[in-house]
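One structure is given below, encoded as structure tokens.
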Protein chains: 2
Amino acid sequence: MTSHAQSPEGVTGEAPAKRLPSAVVARLTVYLRALNGFVAEGIERVSSDALAEASGVSSATLRKDLSQLGSYGTRGVGYEVDNLLQHLSAALGLTRDWRVAIVGAGNLGRALARYGGFEVRGFEVVALLDTDPEIIGNEVGWLRVTDAANLEAIFRRTRANMAVLALPGSAAQQACDRVISAGVRSILSFAPTILQVPRGVTLRKVDMATELQILAYHAQRGEAGGQTGENEHGEPAAGTAP
Amino acid sequence: MTSHAQSPEGVTGEAPAKRLPSAVVARLTVYLRALNGFVAEGIERVSSDALAEASGVSSATLRKDLSQLGSYGTRGVGYEVDNLLQHLSAALGLTRDWRVAIVGAGNLGRALARYGGFEVRGFEVVALLDTDPEIIGNEVGWLRVTDAANLEAIFRRTRANMAVLALPGSAAQQACDRVISAGVRSILSFAPTILQVPRGVTLRKVDMATELQILAYHAQRGEAGGQTGENEHGEPAAGTAP
DNA sequence: TAGTGTGAACAAGTTCACAGCC
DNA sequence: GGCTGTGAACTTGTTCACACTA
């Protein structure tokens, strides 16, 4: 992740970048994934058409998105997979190391802890906490479940800078507050609750009930739906209008 | 869920409704959750301000959203919690029964199967499939893991009309295809892959890597982010062209 | 020639502010 | 007086089409 032998200069350091529209950020993660697919296949160059196809967006959207980062393609040729990957990673802040603590070691928490597939590395699960004495001390993957009573200390020791909440709705807000007071400003919640966070903290929420309800809405009416690639607002993708 | 003693006529039957903007649909699920909270507290009436506050949106947005469904509030007073709940449920299609099959009984699949908290009932997990002989036959919650080799038969027997994919990226596309050919048109995928689905099938995707990457982006630059209540907005998805 | 980069048109979503009703 | 419902202004996001260039 540290070495990379090319690119004029952009990739190296920080991101001077102007603020990206949030819709774009969401899609960049998709492109990243698609590009990794190309790398795996040994493909070194892609056109916006090919990459868009693989990502499930229109090529116009793709080009516009990428152009926000700079001109990393070559007219008449396409994009160099590896180079583009570097730039996307840099833009998303994946050159830093992110240390993730998972709060809640129930079924979901354990599943998440064991899920190593972070695609484009950069994330490391550094702690798995729970309050249940029956669970504390258990090994899960490479981790041992630690006592959530010591949350602040654990976060300090592991220098966790992101938190994943994988606990029941009832416990979520309290855990959220503690995590924030421990200094974390990026939180991903799997709890089926509406959480309140102060300004300056970024909270993202993921939850099956919500997703199923949205599916229900689409299914209930004529269908149509089409593909909703990712979260955020997804995309109409799959060529709606020729 | 069936009885409700009022409302001119709307709630009863189907949804004649005009198509809702997808951003609105996503937020309706949030309101639904907030309303359930009010019910639990025994509160019978809410103002748009109160409900908006609890949902993490502006009251203007809330009112605009609700007005798309009809005029279910009373000027000068507010909304009746129970009544609004009925209307939201109807609008989202939660009056029907949705039978969900979970494909993949690994850590995540099992966690999802056991997660009963579907908030506003209407969803039932009717099957949990896997291909691993070691897992097939195991009991998970109220279910027994069945052999994914018989996917089509199982879907037919259980009349599953939604599918949740909880399997590794490598197996996801194939499973997705089979599920679709078994007649399912609403799919929620937890697999970290870009899936291709034909028109007429609604696919939603949820995945930790993506979410963490988006968090990383916000954390990396000045922060600010603020709260991203749900999936940011919803999805433009459906019907671009009538 | 093939395919990127982008201004300009269009569409979707959000906020404002106030008219209308209880 | 208080609060909903909604047109109209504004902001954000998407698509088109073509100039530009390796």
Side-chain angles (χ1 to χ4, degrees), chain A residues 8 18-28 30-31 44-53 55-81 83-84 87 226-242, chain B residues 18-28 30-31 45-53 55-81 83-84 87 226-242:
Chain A
K18 56 176 189 204
R19 133 168 226 85
L20 296 171
S22 57
V24 174
V25 174
R27 282 192 301 260
L28 291 186
V30 179
Y31 305 152
E44 298 185 344
R45 241 184 237 116
V46 275
S47 66
S48 61
D49 266 343
L51 182 51
E53 159 91 27
S55 306
V57 303
S58 75
S59 68
T61 300
L62 173 68
R63 287 201 304 278
K64 188 127 254 179
D65 287 353
L66 294 186
S67 77
Q68 308 237 20
L69 307 182
S71 286
Y72 300 134
T74 312
R75 292 177 194 231
V77 179
Y79 301 88
E80 243 187 89
V81 172
N83 183 245
L84 190 52
H87 282 288
Q227 164 177 15
T228 296
E230 196 39 60
N231 242 339
E232 204 82 359
H233 47 160
E235 65 292 86
T240 315
Chain B
K18 58 176 190 204
R19 114 166 252 92
L20 296 170
S22 53
V24 174
V25 175
R27 281 191 303 260
L28 291 187
V30 179
Y31 306 152
R45 243 186 237 113
V46 274
S47 65
S48 60
D49 265 343
L51 183 51
E53 160 91 25
S55 306
V57 303
S58 76
S59 69
T61 300
L62 173 69
R63 287 202 304 278
K64 188 127 251 187
D65 287 352
L66 294 186
S67 76
Q68 309 238 19
L69 306 182
S71 286
Y72 299 133
T74 312
R75 290 171 195 236
V77 180
Y79 302 88
E80 245 188 86
V81 172
N83 183 243
L84 190 53
H87 282 289
Q227 165 174 14
T228 298
E230 195 39 58
N231 285 338
E232 202 80 358
H233 31 170
E235 62 298 78
T240 313

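Numbers restart at 1 for each chain; the letters A, B, ... are given by sequence-line order, proteins then strands. Note: hydrogens, waters and symmetry copies are ignored here, and every other heavy atom, side chains too, is used.
For D/dG13, one of the phosphate oxygens OP1 or OP2 lies less than 4.0 angstrom from a side-chain nitrogen or oxygen of A/Ser22. At least one side-chain nitrogen or oxygen of A/Thr61 sits closer than 4.0 Å to the OP1 or OP2 atom of D/dT15. Contact annotation: B/Thr74 side-chain N/O to D/dT4 OP1/OP2 distance is not under 4.0 Å. Within the 4.0 Å cut-off from OP1 or OP2 of D/dT14, at least one side-chain nitrogen or oxygen of A/Arg27 is found. Contact annotation: A/Ser47 does not reach the phosphate of C/dG3 (side-chain N/O to OP1 or OP2, under 4.0 Å).
Rounding to whole angstrom units, CG of residue A/Leu66 and C1' of D/dG13 are separated by 16 Å. Atom pair A/Arg45:CZ and C/dA2:C1' shows a separation of 13 Å (rounding to whole Å applied). Between A/Leu20 atom CG and D/dG13 atom P there is a gap of 11 Å when expressed in whole angstrom units. Spacing between atom OH of B/Tyr31 and atom P of D/dT4 amounts to 13 Å, rounded to whole angstrom units. Here C/dA19 presents its C1' atom at 12 Å from CZ of B/Arg63, a figure rounded to the nearest Å. With rounding to whole Å, B/Arg19 atom CZ is found 9 Å from C/dG13 atom P. Residue A/Leu62 contributes atom CG, which lies 14 Å from atom P of C/dG3 at whole-angstrom precision. Rounded to a whole Å, the CG atom of A/Leu69 is 12 Å from the P atom of C/dT6.
Among the protein residues, B/Ser58 comes within range of the sugar-phosphate backbone only, with heavy atoms under 4.0 Å from sugar or phosphate atoms but none that close to a base.
Screening A/Leu20, A/Leu62, A/Thr61, A/Leu66 against A/Arg27 for a side chain to side chain contact (heavy atoms under 4.5 Å, CB included) leaves a single residue, A/Thr61.
Mapping B/Lys64 and A/Tyr79 onto DNA chain C by nearest heavy atom places A/Tyr79 at the nucleotide closer to the 5' end. Comparing A/Val77 and A/Gln68 against DNA chain C, the residue whose closest nucleotide sits nearer the 5' end is A/Val77. Heavy-atom nearest nucleotides on DNA chain D were determined for B/Gly78 and for A/Gly76, and the one closer to the 5' end corresponds to B/Gly78.
For the residue pair A/Tyr31/A/Asp65, the side-chain donor-acceptor check at 3.5 Å is satisfied.
Put simply, CD on B/Glu80 and NE2 on B/His87 are 9.5 Å apart, with the number rounded to the nearest 0.5 Å. Taking OG from A/Ser58 and NZ from A/Lys64, the interatomic distance works out to 11.0 Å, rounded to the nearest 0.5 Å.
Judged by atom type and distance alone, B/Arg75 reaches the base of C/dG20 through a side-chain donor-acceptor pair under 3.5 Å.
In terms of heavy-atom proximity, A/Ser55 sits nearest to A/Val30 at O-CG1, 3.6 Å.
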